[in-house]
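Just so it is clear, the structure is predicted and the values come from calculations on it, not from any experiment. In what follows, chains are A, B, ... by sequence order, proteins preceding strands, each numbered from 1.
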Number of protein chains: 2
Amino acid sequence: MSNRLHPLEFRHVTRRIPQARDRGIPDATVARLPLYLRALNGLAERGTPTVSSEDLAAAAGVNSAKLRKDLSHLGSYGTRGVGYDVQYLIYQISRELGLTQDWAVAIVGVGNLGRALANYGGFVSRGFRIAGLLDGDPQVVGDRIAGLTVEHADELETVIKRRGVSIVVIATPASAAQQVCDRVIEAGVTSILNFAPVVLSVPDGVDVRKVDLSIELQILAFHEQRKADGVVM
Amino acid sequence: MSNRLHPLEFRHVTRRIPQARDRGIPDATVARLPLYLRALNGLAERGTPTVSSEDLAAAAGVNSAKLRKDLSHLGSYGTRGVGYDVQYLIYQISRELGLTQDWAVAIVGVGNLGRALANYGGFVSRGFRIAGLLDGDPQVVGDRIAGLTVEHADELETVIKRRGVSIVVIATPASAAQQVCDRVIEAGVTSILNFAPVVLSVPDGVDVRKVDLSIELQILAFHEQRKADGVVM
DNA sequence: GTGCCTTTGTGAAGGCATGCACAAAGTCGG
DNA sequence: CCGACTTTGTGCATGCCTTCACAAAGGCAC
């Protein structure tokens, strides 16, 4: 028996690596940029011309040093003694996040959640255009939702290729999710937002983000129980 | 990701206190427990009696060492050479998360998202009971959704107190969220799941978790843009 | 131009999470 | 009852993230 490293032990290392070759922005930072963007848009609406890291941090609910470090990854866009120009920073963050371009999104699965997503204003207002709604249920196909007609899931590949869809939202039941996932990847999609309560298995190079509504509630329940147990708060 | 401190409050640290007979389970672990639970339920349905950390980790999509370390925080529930008893582990994790008790949840805001949440099966099946649906729009009040009648938001305090609601889901427009938040806290609620795109300001001792659908899309767009820019993957 | 005041950008330290590697512990066939 | 085998639980090293603290930079008043 060898006590050296097994040469084949990198099966589980296939995870996406944040790797710093270019301007490698830390994942934690990327996840907060949308937060800053939202706060900035709020300030812009009120006509605020500039904002300090302290104030912006408060509006976004983070520590100001963290905010400054996050922004420093994008470049040096602040002015010492003054703060950040709101409009300019909005543009820079948007550009970094890729929101200055138009993204075509398809939603697969038009149940309650799919409908809610289709009608959700937060997408359209940020450069995401819903280019297709698809469902496997003939009962639902043909419905008009948010200005779009629901198409049959058979059309998935066609819709993706014809309309240049690059991001797919999976809002199907758990049982259909992996199959849909495989098909959209086969059709060339490499970014997936998954609402189905399953772990999707995907090849390298494909990004999957998962939103699980019940997990959040379970985490809350954990903390709520802690409080009730008489733990010193 | 969690109840963050307000930037101006970090002098008097009232942070989560790990002391007290220290069963202090790391936040990162708590966030994964629901994942393990789901994987275990899948195994239980197929009648699997025991599972190794390797297999369970694969089903949950995590590293097996991480899984073992996570579980070790709950206690020593595995058997060396064999693995974990599926049913027993389900029970232990459920208990730790507080899912063995019944949680009354109220959903405020019955738009598209609120309706989707009310109909979402993942809640009920995990010990969460929807005890109230409320909305400020008289047009919506009286609608029957998921077996419940929508009540007017004026009833918020009454509903919370009479029905023992301990977790509130805010699915209102951004403009109403803070007001709803203040009211439910005043009524004694200390756990809030917020879908409105605003940073809620709450006193210490109140847990807020936030789900923002558009943030996830923006993070995907960031990575998608990176790929398109010809970055080496 | 000078000096003061504000605020950024970042070096450094500490904390937390991750994943490897292995000893300890338990099973199982014979 | 024993020895081989499997798998857990964990010490440890590593790296990322957060936060503090401060020097450097720029604005502004005069």
Evaluation steps, side-chain contact (heavy atoms from CB on, under 4.5 Å), between B:Phe222 and B:Ile219: CA-CA 5 Å; B:Phe222 171 82; B:Ile219 296 172; 5.5 Å; no
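- Within a 6.0 Å sphere centred on CD of A:Gln179, other residues, nucleotides and ligands contribute 12 heavy atoms or fewer.
- In this structure a side-chain-to-backbone donor-acceptor pair under 3.5 Å is missing from A:Gln87 to A:Ala44.
- Side-chain contact between A:Val105 and A:Leu193 is absent, with no heavy atoms from C-beta onward closer than 4.5 Å.
- Contact annotation: A:Asn63 does not reach the phosphate of D:dC17 (side-chain N/O to OP1 or OP2, under 4.0 Å).
- Residue A:Arg68 places none of its side-chain N or O atoms closer than 4.0 Å to OP1 or OP2 of D:dC22.
- Between the side chains of A:Glu45 and A:Asn41, no donor-acceptor pair of N or O atoms lies under 3.5 Å.
- Salt bridge status for A:Glu224 with A:Lys227: present, with a side-chain N to carboxylate O gap under 4.0 Å.
- Residues B:Arg68 and B:Glu54 are not paired through a salt bridge, judged by the lack of any N-O separation under 4.0 Å between the basic side chain and the carboxylate.
- Taking only side-chain nitrogens and oxygens, B:Ser53 comes nearer than 4.0 Å to OP1 or OP2 of D:dT8.
- Each of A:Ala28 and A:Ala65 was assigned the nucleotide of DNA chain D with the nearest heavy atom; the assignment lying further toward the 5' end belongs to A:Ala28.
- The phosphate of C:dG9 (OP1 or OP2) has a side-chain N or O of A:Ser76 nearer than 4.0 angstrom.
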Per-nucleotide protein contact string for nucleotides 24-30 of chain D, where B marks a base within reach and S marks sugar-phosphate only (heavy atoms under 4.0 Å, - for neither): BBSS---
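- For B:Ser72, counting side-chain heavy atoms from C-beta on, the closest listed nucleotide (C:dT18, D:dC17, D:dT10) is D:dT10.
- The stretch residues 83-92 of chain B touches DNA chain D through B:Gly83, B:Tyr84, each having a heavy atom under 4.0 angstrom from the strand.
- Remark: C1' of D:dT19 and CG of A:Asp70 are 12 Å apart, rounded to the nearest angstrom.
- Checked against A:Ile185 for a side-chain contact (heavy atoms from CB on, under 4.5 Å), the options A:Val180, A:Ile192, A:Val168 give a single hit: A:Ile192.
- You won't find any donor-acceptor pair under 3.5 Å spanning the side chain of B:Lys69 and the base of D:dG9, going by distance alone.
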Residues B:Leu213, A:Phe195; criterion side-chain contact (heavy atoms from CB on, under 4.5 Å); working and verdict: CA-CA 10 Å; B:Leu213 308 173; A:Phe195 286 88; 3.7 Å; yes
